[in-house]
Amino acid sequence: MLPADLVIENASELLTIRGASSRPKTGKSMSSLGIIRDGAVAVSSGKISWVGASDRLRGSVRVGPRTKVIDASGRVVMPGLIDCHTHLVFAGSREREWLDRLSGRRSRGATGILSTVSATRRASDSELTKLALANLGSMLSSGTTTAEAKSGYGLSIRDELRILGILGRLGAMQPVEIVPTFLGAHAVPGEFDGSASYTRFVIDDMLPRVVRQGIAKYCDVFCERGAFTADESLDILRACKAEGLKPRIHTDEFSDIGGTDVANKVHAASADHLDAITQDGVRNIKAAGSIAVLMPGVPFFLCSDAYADARGLIDAGIPVALATDFNPGTCPCLSLQFIVSLACIKLGMSPAEALSAVTINAAHAIGMADTIGSIEAGKQADIVIMDVGDHRLVPYGIARNSVRTVIKRGRIVVQG
Ligand code: NIG
Ligand code: FE
């Protein structure tokens with residue numbers, strides 16, 4: 001037996017979140033975190049090689065002179081957090097729009113997604129990369145080790161390909177692993193006279209280029225009044241799916257225009273937002289087998305009381321994941337720890353449910369539950385050590401960064 005590269009021992013709570021790699025957690029199982037008290041983990045060649053009680057570690061794993069030993073006494077050890085819905089690459093910011101909203105003023109001048117599209121189109125590759133790297137650094141230091149990231153602020157062939165290309169390169173430039181999603185149908189750019197003609201352009205002209213370059217794993221559509229209709233969303237997701245991209249959908253963020261039915265028809269990997277979901281919508285998501293990705297940072301930032309019915313979704317047996325939706329217009333938050341707090345306070349989720357939702361269920365939402373999302377032998381060693389001794393203190397410490405150490409693929413990448 002070769003000595004382990006790294007061992008973490010004496011964790012007050014080791015949250016394994018085990019047993020849900022083949023199917024996401026639903027219902028009551030979202031409340032069980034597979035906690036080992038006084039737990040230990042061993043890591044070899046970037047993977048978890050052993051998990052158990054600290055007093056069994058040295059009898060089961062070889063700890064040699066070159067093994068890095070971390071004493072996690074009084075600390076929670078858990079899987080790296082997974083942000084399964086972000087809009088990572090863009091330029092500019094939209095604080096003016098937000099300040100106007102706060103003071104009840106009507107915004108003048110450029111606002112909304114298209115104003116970010118203009119800023120993004122003007123920015124060079126290196127500017128966009130630099131901005132994204134800074135945001136990834138902040139994500140990583142708050143415990144995010146994997147993030148889904150969408151295009152969608154380019155909306156031209158050149159700029160959508162540019163953003164997806166940048167997303168592809170970012171993975172090799174810093175530790176956060178990135179799962180790229182093609183969101184050409186985020187808004188209708190000014191060059192088009194309506195969503196119908198732009199929908200044809202996305203399907204006939206943009207999609208083939210994205211597919212040819214192999215730069216996206218998922219496709220997404222913003223199905224909403226003022227963006228894309230249910231029929232257009234269905235056409236786009238069907239076309240993308242036929243080309244091998246897995247569908248997901250922004251739906252019922254502000255209104256129900258039939259997006260959950262689209263999710264059902266394409267068996268979307270995830271249905272995201274759902275703040276305005278109806279009973280029929282819940283039935284559609286259940287039938288679709290999609291993960292419900294809830295993002296309470298959005299209504300929070302928009303000063304709205306319309307939060308998703310997380311309890312109704314969980315009671316219906318639908319697996320729930322949580323994400324930031326990091327973007328400049330509706331949620332500029334990079335911290336999943338804060339989203340976990342909001343899920344407890346605003347969605348009525350328990351700390352354990354919310355932590356399941358940012359680990360194993362988020363891994364399922366991005367098709368990676370076989371490699372990440374839990375601390376189990378054989379999985380990639382993506383591990384976070386929290387500076388608190390009880391997992392419930394993570395959401396309790398609202399807006400506090402409880403992260404002490406972040407380990408990505410067995411390597412210490414943040415040391416508090
Ligand atoms: O997920 N809903 C669409 N897209 C983003 C908002 C993007 C923006 O306002 O720039 C969202 O909320
Ligand atoms: Fe979004």
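All values below come from the heavy atoms of this structure, side chains included, with hydrogens, waters and symmetry mates left out. Order of listing sets the numbers, starting from 1, for every ligand and every atom in it.
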Protein-side N, O or S atoms sitting under 2.8 Å from the Fe ion (ligand 2) are His85 NE2, His87 NE2, His250 NE2, Asp325 OD1
Distance-only, no hydrogens or angles: does the [X] side chain make a donor-acceptor pair with backbone N or O of [Y] under 3.5 Å?
X	Y	answer
His273	Glu253	no
Thr181	Lys150	no
Trp98	Phe301	yes

Kindly state each residue pair satisfying side-chain hydrogen bond (donor to acceptor under 3.5 Å, both in side chains) with at least one member in residues 281-301, sequence neighbours excluded. Thr260-Asn284, Asp280-Arg283
Carboxylate-amine/guanidinium contact Glu95 Arg101, below 4.0 Å: no
Phe326 and His87 aromatic centres sub-6.0 Å: no
Quick check: Phe192 with Phe201 (ring centres under 6.0 Å apart)? yes
Under the salt bridge (Lys or Arg N to Asp or Glu O under 4.0 Å) test, residues paired with Glu177 that sit two or more places apart: Lys408, Arg409
So, Ser151 and Glu160: side-chain donor and acceptor under 3.5 Å apart, yes or no? yes
For ligand 1, what N or O to protein N or O distances fall under 3.5 Å?
{"residue": "ligand 1", "atom": "1 (O)", "partner": "His87", "partner atom": "NE2", "Å": "3.3"}
{"residue": "ligand 1", "atom": "1 (O)", "partner": "His250", "partner atom": "NE2", "Å": "3.2"}
{"residue": "ligand 1", "atom": "1 (O)", "partner": "His273", "partner atom": "NE2", "Å": "3.0"}
{"residue": "ligand 1", "atom": "1 (O)", "partner": "Asp325", "partner atom": "OD1", "Å": "3.0"}
{"residue": "ligand 1", "atom": "1 (O)", "partner": "Asp325", "partner atom": "OD2", "Å": "2.7"}
{"residue": "ligand 1", "atom": "2 (N)", "partner": "Glu253", "partner atom": "OE1", "Å": "2.6"}
{"residue": "ligand 1", "atom": "4 (N)", "partner": "His186", "partner atom": "NE2", "Å": "2.7"}
{"residue": "ligand 1", "atom": "9 (O)", "partner": "Arg94", "partner atom": "NH2", "Å": "2.8"}
{"residue": "ligand 1", "atom": "10 (O)", "partner": "Arg94", "partner atom": "NH1", "Å": "3.0"}
{"residue": "ligand 1", "atom": "10 (O)", "partner": "Arg94", "partner atom": "NH2", "Å": "3.3"}
{"residue": "ligand 1", "atom": "10 (O)", "partner": "Tyr153", "partner atom": "OH", "Å": "2.5"}
{"residue": "ligand 1", "atom": "12 (O)", "partner": "Glu253", "partner atom": "OE2", "Å": "2.9"}
{"residue": "ligand 1", "atom": "12 (O)", "partner": "Asp325", "partner atom": "OD2", "Å": "2.9"}
{"residue": "ligand 1", "atom": "12 (O)", "partner": "Thr330", "partner atom": "OG1", "Å": "2.7"}

